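Note: hydrogens, waters and symmetry copies are ignored here, and every other heavy atom, side chains too, is used. Please read all numbers here as calculations on a predicted model, not as lab measurements.
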Amino acid sequence: MKALLILGLVIFTQAVFVKHASEPHAAVFAQLEALEDHPLGKKILDTIALQMKNKSPLSDIAKMLQDLRENLVLQQQDAELVHVAQEADCEAEIYGYNRRIDFASNEITEATIDINKYTADIELLETDIANKEQQLQILANQEEQLRQKRAEDHDAFEERQITTPKVVEALDVIAAKLSAIQPEADAEAVLAELERVGGNNPILALVQLASTFSAEKLQNVQDKIAELRASLEQSIIDDQEEEVQAQLNFEAQIVEINEQRAALQSEKADSETKLGQAQVQLAAAKKRKYDAGRELDSATRGKVAKEAECEAWRTQYARDTEQRTVEIGIIRQVEQILATKLEGASSYIKGRIN
């Protein structure tokens with residue numbers, strides 16, 4: 001039984017080998033299957049299969065392939081013309097950028113020499129002016145701080161002049177109420193009155209509570225309130241005197257700052273006058289260098305951008321040329337197969353249709 005199974009496998013293997021070896025269109029099938037791996041090749045085979053399914057004549061298929069190929073050839077010719085024009089444009093523009101870069105570089109060199117010369121002449125005066133400006137700024141900051149502090153202190157004084165008398169007035173009301181009450185009142189009656197008054201009248205509530213004190217304690221509270229009132233009245237007087245003195249001190253400080261400022265401004269103006277023509281020449285040299293620097297930067301960036309653009313054109317041209325070459329080769333291969341191996345190609349296409 002085992003021998004019969006082995007013999008059957010050998011006979012089946014030989015039969016399969018003979019079938020593939022005797023396949024008349026194996027080479028054509030392999031070529032067409034390879035074309036399936038390329039998007040254009042697959043698209044062409046799909047189109048041919050559709051035309052064969054619609055029973056289009058072979059001449060239509062050949063015309064379609066010819067049109068595709070010739071269109072790619074024309075595209076490549078147009079691309080070559082554009083490529084030549086782009087290369088000429090790149091050469092001309094980069095040459096122009098190089099000339100601008102050379103000129104700007106020379107301008108920067110000459111302007112730098114002039115700047116060094118003028119800077120040596122006016123360096124001391126510039127330093128003196130900078131020091132005077134710094135001292136003036138310090139004075140301005142001091143004045144601003146003084147004015148801000150004086151305004152804050154005056155606002156606080158005005159607030160105290162309003163609130164302190166109100167406190168004194170409240171103490172007078174409390175003292176009057178306390179002097180009118182009878183000490184050692186009944187606690188339960190006081191609690192009942194407190195419950196009725198609630199939190200709406202704190203002075204009245206305080207008086208009610210104080211009515212439970214002994215005569216000695218009540219007098220002690222009245223004495224403390226009188227002392228506090230006298231202290232507050234004296235603080236109002238002292239506060240007014242201190243405010244007057246603070247205002248006088250502030251005005252004296254402002255006068256001193258103004259005198260210092262006037263002296264510094266006069267010295268600074270004298271230094272600026274002495275600076276004169278040398279400063280004008282330095283400014284002109286700096287402007288010349290600044291303008292040349294901007295031109296150098298602009299030309300350099302323009303050249304870099306142009307070189308990148310040209311490189312992108314070349315890369316795109318090379319990539320498109322390679323792609324068209326491959327696609328033209330695929331079309332020629334299909335044309336050759338249809339022209340020389342039509343039967344095998346038809347068999348393959350029919351297999352795709354089925």
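- Side-chain atoms of N116 come within 3.5 Å of backbone N or O of T112 as a donor-acceptor pair.
- Salt bridge annotation for E93-K303: absent, with no cationic side-chain nitrogen under 4.0 angstrom from a carboxylate oxygen.
- Although no hydrogens or angles enter the test, the distance criterion places a donor-acceptor pair under 3.5 Å between the side chain of T163 and the main chain of E159.
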For this session: Test D320 against Q316 for side chain to side chain donor-acceptor pair (under 3.5 Å), laying out the working first.
Result: CA-CA 6 Å; D320 292 346; Q316 185 65 44; 2.7 Å; yes
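- Checked by atom type, the side-chain pair Q137/N141 shows a donor-acceptor distance below 3.5 Å.
- In this structure, CD on Q279 lies 9.0 Å from NZ on K286, to the nearest 0.5 angstrom.
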Problem set entry | Full working for side-chain contact (heavy atoms from CB on, under 4.5 Å) between E295 and F103 | CA-CA 9 Å; E295 170 62 11; F103 179 79; 5.7 Å; no
For this session: Check the pair Q253 / N249 against side chain to side chain donor-acceptor pair (under 3.5 Å), numbers first and verdict last.
Result: CA-CA 6 Å; Q253 289 175 313; N249 294 339; over 6 Å; no
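- Among residues two or more places apart in sequence or in another chain, the side-chain contact (heavy atoms from CB on, under 4.5 Å) test is passed with E133 by I129, K268.
- Other residues, nucleotides and ligands contribute more than 12 heavy atoms inside 6.0 Å of the CD1 atom of I138.
- Looking only at side-chain heavy atoms (C-beta outward), V73 and R324 stay at 4.5 Å or farther from each other.
- Remark: D297 CG to I101 CD1 distance equals 10.0 Å, nearest 0.5 Å.
- Expressed to the nearest 0.5 Å, how far CD of E80 lies from CD of Q75 amounts to 12.0 Å.
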For this session: Check the pair R150 / Q247 against side chain to side chain donor-acceptor pair (under 3.5 Å), numbers first and verdict last.
Result: CA-CA 8 Å; R150 180 82 282 273; Q247 181 64 27; 3.1 Å; yes
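- When side chains are defined from C-beta on, E311 counts as touching R314, because their heavy atoms get closer than 4.5 Å.
- Residue-environment remark: CD (Q265) exceeds the threshold of 12 foreign heavy atoms within 6.0 Å.
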Problem set entry | Y95 and E91: CA distance, side-chain angles, deciding distance, side-chain contact (heavy atoms from CB on, under 4.5 Å) verdict | CA-CA 6 Å; Y95 174 78; E91 182 178 359; 5.7 Å; no
For this session: For side-chain contact (heavy atoms from CB on, under 4.5 Å), just list the numbers for R261 and N258, CA-CA rounded to whole Å, side-chain angles, deciding distance to a tenth of an Å, and then say yes or no.
Result: CA-CA 5 Å; R261 181 186 292 110; N258 286 335; 2.7 Å; yes
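- Of the inter-residue distances, the one linking E123 atom CD with D128 atom CG reads 12.5 Å to the nearest 0.5 angstrom.
- In the hydrophobic cluster analysis, where Ile, Leu, Val, Met, Phe, Trp and Tyr join through side-chain heavy atoms closer than 4.5 angstrom, L275 is grouped together with I115.
- Here I328 contributes atom CD1 and L72 contributes atom CG; the two are 5.0 Å apart, rounded to the nearest 0.5 Å.
- When only modelled atom types and interatomic distance are considered, Q161 and Q240 share a side-chain donor-acceptor pair under 3.5 Å.
- For residues 289-327, the set of pairs meeting the disulfide bond (SG atoms under 2.5 Å apart) definition, not counting sequence neighbours, comprises C90-C310.
- Annotation: side chain to side chain donor-acceptor pair (under 3.5 Å) contacts of T321 (sequence neighbours excluded): Q76.
- In this structure D114 satisfies the side-chain contact (heavy atoms from CB on, under 4.5 Å) test together with Y118, A285, R288, sequence neighbours excluded.
- For the pair I162 and P165, the tightest heavy-atom approach, listed with the atom from each and the gap, is O-CD, 3.6 Å.
- Counting only N and O atoms by type, the side chains of Q66 and R69 include no donor and acceptor under 3.5 Å apart.
- Counting only residues at least two apart or on different chains, the ring pair (Phe, Tyr, Trp, His ring centres under 6.0 Å) pairs with a member in residues 289-330 are H83-Y317.
- Note that the CD1 atom of I122 and the OG atom of S271 stand 12.0 Å from one another [nearest 0.5 Å].
- No salt bridge links K149 with E152; every basic N to acidic carboxylate O contact stays at or beyond 4.0 Å.
- Shown here are the side-chain contact (heavy atoms from CB on, under 4.5 Å) partners of D102, two or more places apart in sequence or in another chain: there are none.
- By the salt bridge (Lys or Arg N to Asp or Glu O under 4.0 Å) test, R332 is found to be paired with no residue, residues two or more places apart in sequence or in another chain being considered.
- Residues satisfying the side-chain contact (heavy atoms from CB on, under 4.5 Å) criterion with Q277, sequence neighbours excluded, are V280, Q281.
- For the pair K289 and E110, the salt-bridge criterion is not met [side-chain N within less than 4.0 Å of a carboxylate O].
- Within the hydrophobic cluster formed by Ile, Leu, Val, Met, Phe, Trp and Tyr side chains joined at under 4.5 Å, directly or through other members, L248 is accompanied by V244.
- The side chain to side chain donor-acceptor pair (under 3.5 Å) test applied to E242 returns no partner, not counting sequence neighbours.
- Q148 and E144 form no side-chain donor-acceptor contact under 3.5 Å, judged by distance and modelled atom types alone.
- Remark: Y97 pairs with no residue by the ring pair (Phe, Tyr, Trp, His ring centres under 6.0 Å) rule, at least two apart or across chains.
- Heavy-atom minimum distance, L282 versus E126: CD2-OE2, 3.4 Å.
- Hydrophobic clustering, defined by side-chain heavy atoms of Ile, Leu, Val, Met, Phe, Trp and Tyr closer than 4.5 Å, leaves I236 isolated from every other such residue.
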